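The shown structure was predicted, so the numbers you read here are calculated from the model rather than taken from an experiment. The figures here come from the full heavy-atom set of this structure, side chains too, leaving out hydrogens, waters and symmetry mates. Atoms within each ligand, like the ligands themselves, are counted from 1 in listed order.
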Amino acid sequence: MQKNTVVLGFSDYRLQASKLAAALQANYAEVHVHYFPDQECKLTLPTDLPGHVIVCRSLHAPNTKLVELYLLAKALRDQSCEKLTLVAPYLCYMRQDKAFNPGEVVSQRWIGAFIADLFDEVITVDAHLHRIDSIEHVIHTGRATTLSASHLIGRYVASKLDAPMIMGPDEESLQWVKQVAEPQGFDFCVAEKTRKTDSDVSIKLPAVNVQHRDIVLVDDVASTGNTLIEAAKLLATRAPNNVYCALTHALFVNDAYLQLMALGIKAVWSTDSISHISNRISLAKLLAKDVTL
Ligand code: R5P
């Protein structure tokens, strides 16, 4: 058992954080959060924490969580915690990486700075970094890494299907699609996407024959689900055998998942980055290997 390390979680992420603790052979402890009627919160920390605290929580639906992270990290520093690691499989605000119109705030930069100020080490998975090379350009702290779940997804797909075609719904997904497909020897291709609004996208499928093939749509994240939904609608007109979806971060806001399933998708497979009915792939071992003890 690691004596100088604890994984500290929140009740909404207990399953994943305690799996990480088990993979690290470290103890698991939990922060208690009380919400007042006016929506302020009060955090109560376990006592006698060791020198290295690993905070584990994905940062979807982020605004409240960011305040809680701030209060927690400041209190831990105040207790003379020597090393603070954040394991956040889903890192929020990474898609707002550019001012598309005058006056827009580039949230990626400022949320990155906010997190860097609180933690010595930051570990995330398939962060949405399209216009920069490395997470270290966003989070300037001792160590920041973004891991990829693609090989885990590839292996999972291989355990379920023979010779599927892996298809990305847009050009940006090529990085994940290749990493899923190539090690398994699967065919792969990507579609083209034009985003008009948050929830309005149009897709142009690549000129490949999908007839009688099992197609797996692969993306990093599904939010409104419309990217996958539009791709699935178009695929349905081309007589594939079955269509599946595989992704790292199953945000699936509102009824996105039901809308997707209503199109006759055979199965959706996701990592447990965000708790969701489609979770099939645990990230615990991948994350544990990257934590420096
Ligand atoms: C965008 O570039 C991402 O890779 C995803 O395709 C996108 O964020 C999915 O969003 P939605 O589910 O809202 O279409």
Side-chain angles (χ1 to χ4, degrees), residues 58-62 88-101 104 106-109 111 124-135 138 146-150 152-154 157 166-181 188-206 215-236 243-263 265 267-271 273-279 281 283:
S58 261
L59 298 176
H60 52 298
Y90 181 73
L91 200 55
C92 54
Y93 286 108
M94 291 297 112
R95 284 178 291 171
Q96 294 176 29
D97 61 355
K98 181 180 162 183
F100 293 91
N101 296 294
E104 281 180 6
V106 182
S107 312
Q108 184 193 70
R109 178 176 174 198
I111 296 297
T124 187
V125 181
D126 291 332
H128 197 94
L129 305 174
H130 286 312
R131 274 166 274 264
I132 54 163
D133 297 338
S134 158
I135 189 107
V138 180
T146 179
L147 307 171
S148 179
S150 298
L152 297 179
I153 292 175
V157 171
I166 307 297
M167 185 181 287
D170 54 30
E171 301 86 333
E172 291 179 342
S173 63
L174 182 61
Q175 53 183 308
W176 296 292
V177 165
K178 267 178 114 165
Q179 288 172 28
V180 169
F188 65 90
C189 56
V190 293
E192 288 169 37
K193 178 170 85 180
T194 309
R195 181 173 290 284
K196 296 167 201 157
T197 66
D198 291 348
S199 56
D200 187 4
V201 295
S202 67
I203 304 255
K204 185 173 168 229
L205 290 186
I215 309 298
V216 184
L217 288 167
V218 165
D219 210 355
D220 57 337
V221 53
S223 177
T224 66
N226 286 327
T227 298
L228 293 176
I229 287 168
E230 288 308 309
K233 277 185 191 163
L234 292 173
L235 274 173
V243 178
Y244 301 78
C245 298
L247 62 150
T248 305
H249 309 293
L251 277 173
F252 285 119
V253 300
N254 304 324
D255 64 348
Y257 182 70
L258 292 178
Q259 282 188 51
L260 184 62
M261 295 311 277
L263 296 172
I265 298 292
V268 178
W269 302 313
S270 64
T271 78
S273 158
I274 294 168
S275 299
H276 188 261
I277 192 171
S278 62
N279 289 174
I281 301 159
L283 294 174

Enquirer: Would one find an N or O of D198, backbone or side chain, under 3.5 Å from an N or O of ligand 1?
Expert: no

Enquirer: Would you say W176 has any N or O atom under 3.5 Å from an N or O of ligand 1, going by distance alone?
Expert: no

Enquirer: Using a distance-only test with no angle check, is there a side-chain donor-acceptor pair under 3.5 angstrom linking D220 and H128?
Expert: yes

Enquirer: Is a donor on one side and an acceptor on the other found under 3.5 Å between the side chain of D170 and the backbone of S173?
Expert: yes

Enquirer: Side chains of D97 and I132: closer than 4.5 Å at any heavy-atom pair?
Expert: no

Enquirer: Which bit of H130 gets closer than 4.0 Å to ligand 1, counting heavy atoms only: side chain, backbone, both or neither?
Expert: neither

Enquirer: Give the single entry among E171, E172, H128, R195 that approaches atom 7 (C) of ligand 1 most closely by any heavy atom.
Expert: R195

Enquirer: Should I153 and W176 be marked as a side chain to side chain contact (heavy atoms under 4.5 Å, CB included) after you check the CA-CA gap, both sets of side-chain angles, and the distance that decides it?
Expert: CA-CA 10 Å; I153 292 175; W176 296 292; over 6 Å; no

Enquirer: Are P169 and ligand 1 in contact, using a heavy-atom cut-off of under 4.0 Å?
Expert: no

Enquirer: Short list, please: which atoms of ligand 1 are under 4.0 Å from a heavy atom of A222?
Expert: 12 (O)

Enquirer: Considering only non-hydrogen protein atoms, determine which one is nearest to atom 8 (O) of ligand 1 and report residue, atom name and distance to 0.1 Å.
Expert: R95 NH1, 2.8 Å

Enquirer: Non-hydrogen atoms of G225 versus ligand 1: any pair closer than 4.0 Å?
Expert: yes

Enquirer: Please confirm whether the backbone N or O of N279 pairs with a side-chain atom of S270, one donor and one acceptor, at under 3.5 Å?
Expert: yes

Enquirer: Which protein non-hydrogen atom lies closest to atom 9 (C) of ligand 1, naming both residue and atom, and how far is it?
Expert: V221 O, 3.4 Å

Enquirer: So, for V216 and A246, which heavy atoms are closest and what is the spacing to 0.1 Å?
Expert: CG1-CB, 3.9 Å

Enquirer: Donor-acceptor pair, H249 side chain versus V125 backbone, under 3.5 Å?
Expert: yes

Enquirer: Going by the atom numbers of ligand 1, which of them fall below 4.0 Å from some non-hydrogen atom of D170?
Expert: 2 (O), 6 (O)

Enquirer: Taking atom 6 (O) of ligand 1 as the point of reference, which of D219, T248, V253, L260 owns the nearest heavy atom?
Expert: D219

Enquirer: Just heavy atoms, cut-off under 4.0 Å: does T227 contact ligand 1 by side chain, backbone, both, or neither?
Expert: both

Enquirer: Looking only at protein heavy atoms, which one is nearest to atom 4 (O) of ligand 1, and how far off is it?
Expert: D220 OD1, 2.6 Å

Enquirer: Checking a contact table here: which protein heavy atom is nearest atom 11 (P) of ligand 1, and how many Å away?
Expert: T224 OG1, 3.4 Å

Enquirer: Sort out for me which residue in R195, K193, E192, K196 forms a side chain to side chain contact (heavy atoms under 4.5 Å, CB included) with S202.
Expert: K196

Enquirer: Between T124 and A88, is there a donor-acceptor pair closer than 3.5 Å when you use the side chain of the first and the backbone of the second?
Expert: yes

Enquirer: Please state which part of L228 comes within less than 4.0 Å of ligand 1, counting heavy atoms only: side chain, backbone, both or neither.
Expert: neither

Enquirer: Do side-chain atoms of S58 reach the backbone of H60 as a donor and acceptor pair under 3.5 angstrom?
Expert: no

